[in-house]
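Taking it in order: structure first as structure tokens, then the write-up.
What you see below is based on every heavy atom in this structure, not just the backbone, and it leaves out hydrogens, waters and symmetry mates.
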Amino acid sequence: MDYNFTDIEKKWQQYWEENKTFKTVTDTSKPKFYALDMFPYPSGSGLHVGHPEGYTATDIVSRYKRMKGFNVLHPMGWDAFGLPAEQYAIQTGTHPSVTTNKNCDTFRRQIKSLGLGYDWDREINTTDPKYFKWTQWIFSKLYNTWFDKNTNKGRHISELEIPAEIKTAGTIAVREYIDSKRLAYYDNAQVWWCKTCKIVCANEEVLNDGSHEKCGTKEVERRNLKQWMLRIPHYAERLLTGLDGLDWPEGVKDMQRNWIGRSTGAEVDFKLDGLDKNLRVYTTRPDTLFGATYMVIAPEHGMLREITADGHHEQVEAYVKAASLKSDLDRTDLAKDKTGVFSGRYAINPVTGKKIPVWVADYVLIGYGTGAIMAVPAHDTRDFEFAKKFGLDVVCILDPVSAEPALREKVLKGEACWTEDGAYINSENTATGLSINGMNKATGIKTVTSWLEQKNIGKEAVNYKIRDWLFSRQRYWGEPFPIKHYENGDIELADEKELPVMLPELEKFEPGTNGESPLSNAHEWLYGEDAKGKFRRETNTMPQWAGSCWYYLRYIDPTNDSAPFSVEAENYWMPVDLYIGGAEHAVLHLLYSRFWHKVLFDLGIVSTDEPYQKLYNQGMILAFAYETKSGSKVPSDEVEEKDGNFFHKTTGEELTQIVAKMSKSLKNVVNPDDVVKNYGADSLRLYEMFMGPLDATKPWTDTGVKGVFNFLTRAYKFFADTKNIISGQEDPEILKGLHQTLKKVESDIENLKFNTAISQFMIFTNLAIKKGKVTKETAETFAKTLNPFAPHICEELWQLYGHSGSINHSPWPLVNEAYLVENTYEYPVSVNGKMRFKIEFPVDADPKEIEKQVLLDEKAGKWIENMQVVKVIVVPGKIINIVVK
RNA sequence: GCCCGGGUGGUGGAACUGGUAGACACGUUGGACUUAAAAUCCAAUGGCCCGAAACGGUCGUGCGGGUUCAAGUCCCGCCUCGGGUACCA
């Protein structure tokens with residue numbers, strides 16, 4: 001009974017394909033289970049071993065749930081818009097759709113070779129006009145939605161009430177007012193521009209070191225461009241509170257919370273000396289108002305000109321210009337050195353009545369709060385640094401009572417900064433009636449805020465870090481916006497009947513002039529005329545996020561031509577019950593997608609407020625790599641192993657084994673095709689799951705695959721050999737092992753702990769082989785239980801046992817607890833906490849009796865003679881601990 | 001800097017809610033089979049110590065303290081690796 005995995009796998013993959021074993025129909029009589037993988041970008045290099053990790057996990061759960069009687073939706077598709085195919089088009093002239101289709105074919109072939117049970121009739125592709133028609137349709141919905149702060153919901157733009165004064169100001173004012181409320185808008189924006197990619201990038205896509213995440217170059221600069229933006233901050237609060245009810249890793253939730261960045265504080269108006277105007281600031285520490293010794297406004301602040309006093313304009317303008325030209329490198333880490341200039345203007349501190357200088361500095365950001373701050377150098381590290389550099393007053397108003405005496409001394413003298421709690425000092429003004437002296441931080445904040453509200457110079461306020469989402473790109477290979485720009489400057493959506501707005505055919509894919517998208521070269525496509533007049537089409541395309549924002553909704557009704565999906569199907573299938581993918585999408589994709597979903601929910605298009613009920617991140621699969629003492633990396637084919645040590649083949653230098661990302665340069669890339677060829681898909685699946693916890697980062701080893709391959713071979717040789725399969729009564733030990741396995745595997749699948757489930761299969765197989773014979777019933781139960789993990793081999797066994805049809809449609813076996821009942825328990829006995837010996841008692845033995853018996857036991861004698869027994873602790877079913885002196 | 005995760009044999013990892021640390025597997029060693037090798041099968045395998053052996057001792061879950069009858073698990077203070085984030089007032 002050789003384990004001929006190649007034939008077995010080919011045979012069953014063909015069977016599944018021909019019989020559409022995994023086809024899903026919407027059948028509301030059954031409970032549903034929606035298992036979703038983060039769909040891949042089909043790159044030219046094909047699948048790598050990281051992809052199947054998550055896919056196998058959802059496949060195991062899907063097969064298990066199906067056998068448990070659920071109607072399972074487990075689809076796959078392609079996130080196929082993207083830069084690489086377009087770059088390739090520029091170089092070779094090959095149309096991106098050709099490249100994309102080829103890559104999709106490769107991915108599909110590879111995925112099918114892994115035996116993953118997808119319903120291929122539901123395959124989707126974001127570049128398919130039948131798909132992106134609805135991406136455009138959703139964009140239209142965003143464009144025509146505004147966020148009603150009163151009801152905390154998005155509503156159709158036609159329901160927006162126009163204030164009377166706007167109405168009287170005329171149609172342009174009305175139009176501007178409406179546009180200022182739309183969730184999607186077209187406006188000038190300070191954006192990052194990548195000179196290499198010739199594309200704008202969202203803030204999120206520019207990494208900390210000033211490089212572009214897509215191409216890795218540092219050719220990123222600031223530009224002011226007309227762009228499409230989405231008002232995701234309007235949903236900040238909903239996106240934040242929505243997280244609470246989700247079964248997601250806490251880390252991912254934290255990352256989203258940090259990204260949204262909610263803070264509470266107060267807005268405070270400061271009178272400007274010599275101007276009949278106020279300067280409004282946002283602060284989270286209104287309690288430190290007594291310590292505000294100067295103010296700072298951002299260089300881009302709207303009141304800058306007004307505020308700057310005569311004689312200071314020149315320096316201020318020079319500073320503003322320098323700040324605007326700061327390169328990406330200047331903005332990052334080392335350049336934290338603060339700069340700024342005095343505006344010549346003073347403001348009045350409302351609680352002290354003192355005049356304080358107003359400075360201009362770029363450490364204050366225009367996009368956050370009001371773009372202006374009150375500076376409290378004694379209790380804010382940034383302000384402290386700035387004040388020290390420019391010789392500004394530092395007034396301590398909070399005594400750091402808990403600090404070390406030396407530090408406290410310095411803080412009190414204004415020589416150090418203290419941001420923690422303490423007791424207020426110097427925080428009293430009899431003229432205004434405000435005193436917080438002696439209070440702590442929490443009461444101080446409350447007291448000052450209500451004082452500000454009473455005096456009508458400030459109020460409690462909430463701020464979010466999250467910014468508007470830059471939603472356009474200057475590329476060909478993306479969804480066109482369904483937008484027309486008319487000659488008079490009006491912007492209109494294409495009519496729903498005109499969707500999809502197709503991409504024009506192009507010969508050349510180079511960007512247009514001035515960095516405009518290649519679409520600007522498609523003259524025939526570009527210009528048109530309709531009832532409203534002559535127009536030019538929008539030449540920007542949507543970012544790659546667009547297609548992935550809603551793909552989970554298309555899977556539920558993928559061929560619908562009249563709607564993105566039917567109401568019934570959506571009602572039945574949503575939300576996604578299990579979503580597995582890489583942690584790299586913890587913020588952006590998942591946040592964007594939740595945002596769209598919430599808008600669709602508000603518009604009544606979907607029935608759930610959140611799309612993904614349970615989320616899980618698979619860990620990265622790494623590989624071993626080698627480096628010299630000096631830390632330089634050595635390609636794996638240059639390394640040889642001797643007695644567990646590693647040496648450079650040519651130089652003979654001893655190398656250290658490290659764990660690194662798979663890369664072509666390190667020559668440590670593992671191709672799933674090779675693994676399938678050498679060990680089979682079942683082994684690949686099993687190994688990916690056996691390596692360790694699903695969410696852990698772990699290194700690939702070929703010997704590890706061999707381990708699970710050995711297991712499958714042993715299992716197949718035993719269970720496929722009819723001589724080992726008997727009829728009659730099963731051995732009680734086998735029965736117990738089988739049901740232990742069943743129980744463990746079931747709970748492990750539910751908890752996504754596949755590595756320990758597989759270990760249990762190994763334990764049981766070892767037992768069965770040792771025993772030499774099992775009943776047919778046992779063998780069948782084993783095959784069914786193993787099926788979600790190693791489906792090909794299990795179909796083969798199922799057929800061998802005389803069944804027709806797929807094992808996937810047989811019911812999941814039930815655990816019989818009766819086989820697991822134990823009469824006795826072998827107690828480990830510790831003496832002073834150290835395990836010394838074991839002793840058996842009936843499971844229902846009385847703890848008092850156990851205590852008595854254990855002290856009389858001869859094995860205990862050695863440990864307690866000449867000792868005083870202080871007490872004996874008996875934890876029934878667990879342990880006995882004897883405490884002696 | 002701040003926010004999250006990790007750190008257990010030679011290796012990947014296991015350990016329920018505080019209760020036998022090292023399941024399962026790889027590797028290694030020894031043996032069987034073979035002319036030989038591969039494959040396969042059997043056995044041993046955390047370190048140290050004593051011993052012929054033991055169901056002997058002892059140390060041991062990154063480090064230092066603590067709580068507890070009992071700590072890989074809880075608490076305090078560190079070290080270190082990985083991820084996220086970065087002047088967000």
Side-chain angles (χ1 to χ4, degrees), chain A residues 204 207-208 249-259 261-263 265 281-285 288 296 331-333 335-338 361-365 367-376 379-383 385-386 463-467 583-584 586-587 617 619-620 622 624 641 643-645 657 659 687 690-693 695-708 710-711 713-714 717 747 753 755-763 766 769 826-838 859 862 870-875 877-884:
Chain A
E204 302 87 299
L207 304 178
N208 299 332
E250 273 309 312
V252 175
K253 288 196 200 180
D254 276 336
M255 277 163 71
Q256 295 218 347
R257 287 186 188 114
N258 289 340
W259 195 266
R262 184 185 205 270
S263 78
V281 303
Y282 171 72
T283 177
T284 54
R285 297 290 304 275
T288 59
V296 185
R331 299 180 63 260
T332 55
D333 27 70
K336 290 272 153 98
D337 212 20
K338 298 214 170 18
D362 66 358
Y363 83 89
V364 171
L365 308 173
Y368 186 77
T370 60
I373 61 154
M374 63 178 213
V376 186
H379 306 291
D380 180 286
T381 45
R382 297 151 301 183
D383 297 343
E385 272 174 46
F386 191 82
N463 256 296
Y464 302 91
K465 282 202 274 187
I466 191 169
R467 311 280 176 82
E584 66 271 22
V587 179
N617 295 125
M620 226 191 310
L622 306 176
F624 285 118
E641 192 195 333
D643 306 326
N645 297 313
Q657 191 180 50
V659 168
Y687 178 57
F690 186 62
M691 288 171 82
D695 59 352
T697 303
K698 45 213 177 262
W700 181 277
T701 59
D702 287 323
T703 51
V705 192
K706 220 183 82 190
V708 294
N710 285 346
F711 158 68
T713 309
R714 274 160 63 80
K717 280 186 176 167
S747 89
K753 290 168 69 176
N755 53 332
T756 48
I758 293 166
S759 133
Q760 184 61 40
F761 283 122
M762 291 172 169
I763 292 170
N766 289 343
I769 291 172
E826 193 179 35
Y827 279 90
V829 182
S830 309
V831 179
N832 285 347
K834 281 194 188 190
M835 210 287 283
R836 294 304 182 182
F837 61 93
K838 289 182 185 170
K859 282 179 279 189
K862 173 179 174 185
V870 180
K871 62 170 146 176
V872 179
I873 287 150
V874 177
V875 184
K878 288 248 166 93
I879 202 167
I880 300 164
N881 192 14
I882 305 171
V883 186
V884 296

Should B/U85 form a Watson-Crick or G-U wobble pair with both distances under 3.5 Å, which nucleotide is its partner? B/G1

Aromatic ring centroids of A/W700 and A/Y687 under 6.0 Å? yes

Counting the atoms with a prime plus P, OP1 and OP2 as sugar-phosphate, which does A/V281 contact under 4.0 Å by heavy atoms, base, sugar-phosphate, or nothing? nothing

Write down the distance separating the P atoms in B/U40 and B/C26, rounded off to the nearest Å. 9 Å

Who pairs with A/R714 by salt bridge (charged side-chain N to carboxylate O under 4.0 Å, His left out), at least two apart in sequence or on another chain? none

For B/G46 versus B/A36, give the span between their C1' atoms, rounded off to a whole number of Å. 36 Å

Does A/V883 or A/Y282 map to a spot on RNA chain B nearer the 5' end, using the closest nucleotide for each? A/V883

Distance between C1' atoms of B/G64 and B/A25 (Å, rounded): 35 Å

Between B/C4 (C1') and A/W259 (CH2): distance, integer Å: 15 Å

When you check the phosphate oxygens OP1 and OP2 of B/U58, does a side-chain N or O of A/R836 lie under 4.0 Å from one of them? yes

Nearest-angstrom distance, P atom, B/U58 to B/C42: 35 Å

With rounding to whole Å, what would you report as the distance between B/G82 and B/G30 at their P atoms? 38 Å

Considering only atom P, compute the distance from B/G13 to B/G19 and round it to an integer number of Å. 22 Å

Work out which heavy atom in A/N881 is nearest to a heavy atom in A/S830; give both atom names and the distance. OD1-O, 3.2 Å

Sticking with atom C1', work out how far B/U45 lies from B/A23, rounded to a whole angstrom. 15 Å

Close approaches to RNA chain B from residues 250-258 of chain A, in residue order (heavy atom, under 4.0 Å): A/G251, A/D254, A/M255, A/N258

Using the ring-ring contact (aromatic ring centres under 6.0 Å, His included) criterion, which residues pair with A/F711? Sequence neighbours excluded. none

Tell me what A/K465 touches on the nucleic acid: a base, only sugar-phosphate, or nothing, going by heavy atoms under 4.0 Å. base

Sub-4.5 Å side-chain heavy-atom contact between A/Y363 and A/D337: no

Can you tell me the distance, in whole Å, between the CG atom of A/N617 and the C1' atom of B/C4? 12 Å

Give me the distance, rounded to whole Å, that separates B/U61 from B/U20 when you measure between the C1' atoms they each carry. 15 Å

The Watson-Crick or G-U wobble partner of B/C74, with both key distances under 3.5 Å, is B/G66

Do the side chains of A/Y464 and A/Y368 get nearer than 4.5 Å, heavy atoms only? no

Between B/G27 atom C1' and A/D702 atom CG, what is the distance in whole Å? 14 Å

Which nucleotide, if any, forms a Watson-Crick or G-U wobble pair with B/A43, using both distances under 3.5 Å? B/U29

Once each nucleotide of nucleotides 14-25 of chain B is scored for protein heavy atoms under 4.0 Å, what B/S/- sequence comes out, 5' to 3'? SSB--BB--BBS

Rounding to a whole Å, what distance do you find between A/Y368:OH and B/A86:P? 14 Å

Respond yes when some side-chain nitrogen or oxygen of A/T381 is under 4.0 Å from OP1 or OP2 of B/G1, and no when none is. no

Taking the six-membered ring of A/F837, is NZ or CZ of A/K859 closer than 6.0 Å to its centre and within 45° of its axis? no

Got a sec, which residues hit side-chain contact (heavy atoms from CB on, under 4.5 Å) with A/V884, two or more places apart in sequence or on another chain? A/V831, A/N832, A/I864, A/M867, A/V869, A/I882

Any idea which of B/G13, B/C87, B/A89 is nearest the A/D362 side chain? B/C87

Are A/M374 and A/D383 packed together at the side-chain level, in the sense that at least one heavy-atom pair is separated by less than 4.5 angstrom? no

If you define the side chain from C-beta out and look only at heavy atoms, does anything of A/K717 sit under 4.5 Å from A/T713? yes

Which whole-number value in Å describes the distance from A/E584 CD to B/G82 P? 18 Å

Rounded to the Å, how far apart are A/L365 CG and B/C87 P? 6 Å

Hey, is the side chain of A/K338 pairing donor to acceptor with the base of B/C87 inside 3.5 Å? yes

Whole-Å distance, A/N463 CG to B/A89 P, equals 8 Å

Syn or anti conformation of B/G9, syn meaning chi within 90° of 0: syn

Those residues that, when tested against A/S747, pass side chain to side chain donor-acceptor pair (under 3.5 Å) (two or more places apart): none

Whole-Å distance between B/G13 C1' and A/D695 CG? 13 Å

